[in-house]
Amino acid sequence: MSVPLYQAKAEMFRTLGHPVRIRVLELLQNGPRPVRDLLAEIEVEASNLSQQLAVLRRAGIVTSYRDGSLVMYALSTPHVAELLAVSRSILSSLLTDRDGLLVELQARSE
């Protein structure tokens, strides 16, 4: 029995619902990166980063491969970067709308 699309989407968003995972995806937008570079950019313990990378890898959102002694990570599809860009756009719009509402509320109270 297959999973309904809405349920699969919810699971994907749950997978993305962690700040470290989002930061990893942001860093991978410009191309594959070794784990050591990700660790240098994200201020978490190596074990925590490893756990978060494993979650992303199991979900198929990132891929990993060896390049000599380095373990490299990459986005599994450019659509992940597109999703991050759309989420930034939505967040920007929401924050702009809230700022506008705040200005309007302040103007009415004077």
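Numbers here are sequence positions counted from 1.
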Point to revise | Residues clustering with I90 (ILVMFWY side chains joined when closer than 4.5 Å, directly or via others) | key: V86, L94
Check your understanding: Got a sec, which residues hit salt bridge (Lys or Arg N to Asp or Glu O under 4.0 Å) with R21, two or more places apart in sequence or on another chain?
Key -> none
Check your understanding: Would you say the side chain of V24 lies within less than 4.5 Å of the side chain of L56, judging by non-hydrogen atoms?
Key -> yes
Exercise for review: Quick one: list whatever passes side-chain contact (heavy atoms from CB on, under 4.5 Å) with R66, sequence neighbours left out.
Suggested key: V71
Point to revise | Those residues that, when tested against P4, pass side-chain contact (heavy atoms from CB on, under 4.5 Å) (two or more places apart) | key: Y6, Q7
Do you reckon [X] sits in the same ILVMFWY cluster as [Y], going by side-chain contacts under 4.5 Å, direct or chained?
{"X": "L53", "Y": "L70", "value": "no"}
{"X": "V55", "Y": "V44", "value": "no"}
{"X": "V20", "Y": "L39", "value": "yes"}

Check your understanding: Which pairs with one or both residues in residues 5-17 pass salt bridge (charged side-chain N to carboxylate O under 4.0 Å, His left out), sequence neighbours excluded?
Key -> E11-R14
Please tabulate, one pair per line, all N/O donor-acceptor pairs under 3.5 Å involving side-chain atoms of residues 72-81, not counting sequence neighbours.
| unit_1 | atom_1 | unit_2 | atom_2 | d |
| --- | --- | --- | --- | --- |
| Y73 | OH | R57 | NH1 | 2.5 |
| S76 | OG | G60 | O | 2.6 |
| S76 | OG | I61 | O | 3.0 |
| T77 | OG1 | H79 | N | 3.3 |
| H79 | ND1 | E82 | OE1 | 3.3 |

Review point. Which heavy atom of V3 sits nearest a heavy atom of A8, and at what distance?
Key: CG1-N, 3.9 Å
Check your understanding: What side chain to side chain donor-acceptor pair (under 3.5 Å) pairs are there with at least one residue in residues 24-38, not counting sequence neighbours?
Key -> R23-E26
Study note, to complete from the structure: Separation between CG (L83) and CZ (F13), nearest 0.5 Å, reads 5.5 Å
Review point. If you measure from CD1 on I42 to CG on N48, what distance do you get to the nearest 0.5 Å?
Key: 9.5 Å
Review point. Within the side chain of S92, is there an N or O that forms a donor-acceptor pair under 3.5 Å with the backbone of R88?
Key: no
Check your understanding: Between S87 (side chain) and L84 (backbone), is there a donor-acceptor pair under 3.5 Å?
Key -> yes
